[in-house]
Amino acid sequence: MGNGDYKGAYSIRKKDVGYVDFDFKQFRKYYDTYGGISNTLPTLSNSSLSRDLFLDIGHIGFEAGITMPDLPNVSVYYDHDYKIGSKSMLNWNQVRMGAAGTRKNISPSWEEIDETVDTFGIKGDYTEKGYHFTGDQRFEIARWKTRGYEVRLNSGSATASDYGQRRQDQVQETNVMTTTLGADKWYLSDKVYASSAYRFEHLKNQDRQNIQAFFGNGTPDLASLNKPDGSAHNQQDLNSWVMNLMVSPWNWLSGTGGLKAEVKGRDAESYYPTDTAATLGVIDDTGKTNTDSNTYSLAESIGLRFKAIPRTVVYSDLSFEQSQNHLIVNRVGIPGAGAATASDTQSRDAIINEPVITWATGADFQPLRFINLTSQVRLREKAMDFSDRFRIRPVQGQVFLEKLHTKNIEFTQRATVHLSSWAQTSFRYLFDDTDYTTRAVYEREDEKANMLSNTFIYDVSVFPLSNLSMTGSFSERHDATKTVAAADPEFKIPTFTSNFYTWMFSTDYQPHDKVHLDGTLSYTVANNYHNYIDANPPDTIYYGADYNQLGLTVGCKWDLTKDLSVTPQYGFQRYMPGENSGIGAAYDAQILSLSVTATWG
């Protein structure tokens with residue numbers, strides 16, 4: 001967050017007549033300007049861009065409606081969302097020492113973004129004899145224009161061909177039309193509730209891109225990957241229907257059930273020209289891809305809530321989903337100045353089955369008046385299996401995958417103790433473990449990856465005065481990500497760890513009926529520098545998070561009159577990277593904000 005943060009809202013309402021609402025907000029988001037780190041490059045070991053990277057992200061909304069008795073509620077609305085600026089990218093380019101020196105892909109890259117989304121529509125609802133009907137007709141136009149820069153750096157060479165830049169321009173427009181209709185009603189003295197809805201969506205998308213490479217003196221790099229005037233066109237239709245039922249025969253027992261059916265069809269066509277010939281602007285060959293995808297999904301869910309045990313609520317939810325996608329991909333090479341690329345001839349006719357099962361169960365238990373315990377376990381398993389009916393040269397894109405399975409288990413536990421009328425304490429534990437199993441074409445064995453997280457949070461809140469509250473907390477989090485590269489016999493990429501500890505104190509004080517003060521202080525320590533690769537000691541690569549971070553926020557709300565209030569706020573953030581991170585000095589940010597709220601009428 002930084003300069004250019006604004007927020008406001010305006011509303012006019014009259015009971016049984018209608019309303020007009022207007023709101024806007026904008027904030028700035030900054031991005032890292034550094035690339036990768038390599039200790040074997042003494043002068044370019046940690047390159048940074050000579051510019052700030054940030055996006056201004058904003059929203060403007062308007063809605064007007066009528067709410068007259070005995071008439072349907074109808075409103076029209078318009079939203080404008082935008083992003084403009086630049087952000088960092090992870091597809092780093094090459095850094096090199098001299099004409100024949102060590103090469104490392106650590107040069108920072110970035111892209112300029114100009115994105116807008118305009119949404120407008122009409123919606124309404126009406127109740128007749130207990131039946132509640134809703135409808136929404138929405139149109140959305142999204143425009144996206146980007147230019148990406150990947151710079152090739154060199155230290156120790158004056159030859160223009162040892163430097164360079166790869167630039168990617170992309171222009172995209174997407175039009176979406178969505179129709180949503182729904183109905184719901186209570187039955188049997190509000191013991192049964194039923195609802196149903198239908199949604200239709202039509203999407204059209206077109207995308208054009210141009211990729212060019214240049215030497216350091218600005219002349220075209222014809223030996224690199226040049227993709228001029230590539231294009232893609234997509235069209236998708238979605239039909240979705242849902243039905244939900246809730247039954248409460250007794251106060252101590254309730255059940256829910258749901259059913260969802262969905263049909264989605266997508267057609268796509270793309271052209272990918274290549275220009276690496278001696279004459280710039282002459283297309284060597286073009287890869288053309290046609291994709292036809294039809295997906296059929298069915299989902300079911302059931303849930304129970306049991307409250308017959310004193311001071312206890314027990315619940316369980318189970319859901320299933322069956323999805324089958326018939327995917328046809330045909331890619332051919334079209335000759336230009338040269339022959340068509342042989343690898344462009346690819347085809348696949350596959351059936352992709354994606355069954356999903358999710359089960360969650362938990363309880364809320366109050367063994368004593370001042371103690372509350374809550375627990376929940378959630379299991380989720382998703383499989384994606386490809387059954388090929390026909391396949392030729394499966395080497396890239398959506399043609400190569402054969403298997404993708406994920407298994408996830410989550411557990412949460414919370415205990416809250418009310419020590420007295422002016423103090424309470426709580427402890428929370430969160431566990432999250434996800435296994436990934438994949439296999440691509442030509443692989444004989446499955447590849448495995450894992451993400452594991454353990455979080456412990458302890459806090460104490462005291463209320464020594466009726467107008468003063470204070471909370472102190474400590475959290476400890478252990479995150480570990482192990483990729484398939486960990487099994488590589490040559491590199492043995494270690495598990496990435498992001499273990500950190502956070503201390504936080506917050507207070508809220510109201511010295512006067514019209515004055516409200518608050519503040520928050522936090523400090524985070526992440527010390528994982530020992531997690532690295534040192535197969536080549538001079539080129540040690542650190543894979544763990546290593547930093548300290550300080551945060552301070554103080555604010556005041558002052559009610560000048562019954563209808564007017566001001567809220568000034570000051571914030572300070574300091575990020576201190578570890579000595580092995582290679583980032584350099586600490587980064588400070590100071591934030592000043594002022595909010596004014598006024599009410600008329």
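Q413 places a side-chain N or O within donor-acceptor distance of the main-chain N or O of T374, the cut-off being under 3.5 Å. With hydrogens and angles ignored, the 3.5 Å screen pairs a side-chain donor or acceptor of S196 with a backbone N or O of V242.
The NZ atom of K403 sits 15.5 Å away from atom CD1 of I352, with the distance rounded to the nearest 0.5 Å.
Here Q235 pairs with nothing under the side-chain hydrogen bond (donor to acceptor under 3.5 Å, both in side chains) rule; sequence neighbours left out. Considering only residues two or more places apart in sequence or on other chains, F54 meets the ring pair (Phe, Tyr, Trp, His ring centres under 6.0 Å) condition with Y30. For the salt bridge (charged side-chain N to carboxylate O under 4.0 Å, His left out) test, no residue two or more places apart in sequence or in another chain qualifies with R414. The side-chain hydrogen bond (donor to acceptor under 3.5 Å, both in side chains) test applied to T502 returns T524, not counting sequence neighbours. L298 is linked by a side-chain contact (heavy atoms from CB on, under 4.5 Å) to L259, A261, E300, Q322, counting only residues two or more places apart in sequence or in another chain. Among residues two or more places apart in sequence or in another chain, the side-chain contact (heavy atoms from CB on, under 4.5 Å) test is passed with E381 by I357, K407. For T438, there are no side-chain hydrogen bond (donor to acceptor under 3.5 Å, both in side chains) partners two or more places apart in sequence or in a different chain. In this view, Y315 satisfies the ring pair (Phe, Tyr, Trp, His ring centres under 6.0 Å) rule with no residue, not counting sequence neighbours. Residues passing the ring pair (Phe, Tyr, Trp, His ring centres under 6.0 Å) test with Y458, sequence neighbours excluded: none. With sequence neighbours left out, S107 forms a side-chain hydrogen bond (donor to acceptor under 3.5 Å, both in side chains) with no residue at all. Partners of Y149 under the ring pair (Phe, Tyr, Trp, His ring centres under 6.0 Å) rule, at least two apart in sequence or in another chain, are W110.
A salt bridge does not link D169 with R208: none of the charged nitrogens is closer than 4.0 Å to a carboxylate oxygen. Under the 4.0 Å criterion applied to side-chain N and carboxylate O atoms, D385 and R439 are not assigned as salt-bridge partners. Ion pairing between a basic and an acidic side chain is recognised when a charged N comes within 4.0 Å of a carboxylate O; K264 and D237 show no such pairing. Of the charged side-chain nitrogens involved, at least one lies within less than 4.0 Å of a carboxylate oxygen, so that E262 and K260 count as a salt-bridged pair.
Around NZ of K145, the count of heavy atoms belonging to other residues, nucleotides or ligands within 6.0 Å does not exceed 12. Heavy atoms of other residues, nucleotides or ligands lying less than 6.0 angstrom from CE of M451 number 12 at most. The neighbour count for M504 CE, taken as heavy atoms of other residues, nucleotides or ligands under 6.0 Å away, does not exceed 12.
Closest non-hydrogen pair, N548 versus A526, comes out as OD1-N, 4.1 Å. The nearest pair of heavy atoms linking K448 to V484 is O-CG1, 3.4 Å.
There is a side-chain donor-acceptor pair under 3.5 Å between E150 and N91. Side-chain atoms of Y429 and N454 form a donor-acceptor pair, as typed in the model, at a separation below 3.5 Å. Counted by atom type alone, W359 and S316 present one or more donor-acceptor pairs between their side chains at under 3.5 Å. A donor-acceptor contact under 3.5 angstrom links the side chains of S293 and N325, judged on distance only. Side-chain contact, Q209 with Q168: a donor N or O sits under 3.5 Å from an acceptor N or O.
Between H202 and F200, the ring planes lie parallel to each other; the angle is under 30°, not in the 30° to 60° tilted range.
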Got a list of side-chain donor-acceptor pairs under 3.5 Å for residues 474-482, not counting sequence neighbours?
from	atom 1	to	atom 2	distance (Å)
E476	OE2	H478	NE2	2.6
R477	NE	D479	OD1	3.1
R477	NE	D479	OD2	2.8
R477	NH2	D479	OD2	3.4
D479	OD1	S453	OG	2.7

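Shown are T434, D433, T437, T495; of these, the side-chain hydrogen bond (donor to acceptor under 3.5 Å, both in side chains) with N450 is made only by D433.
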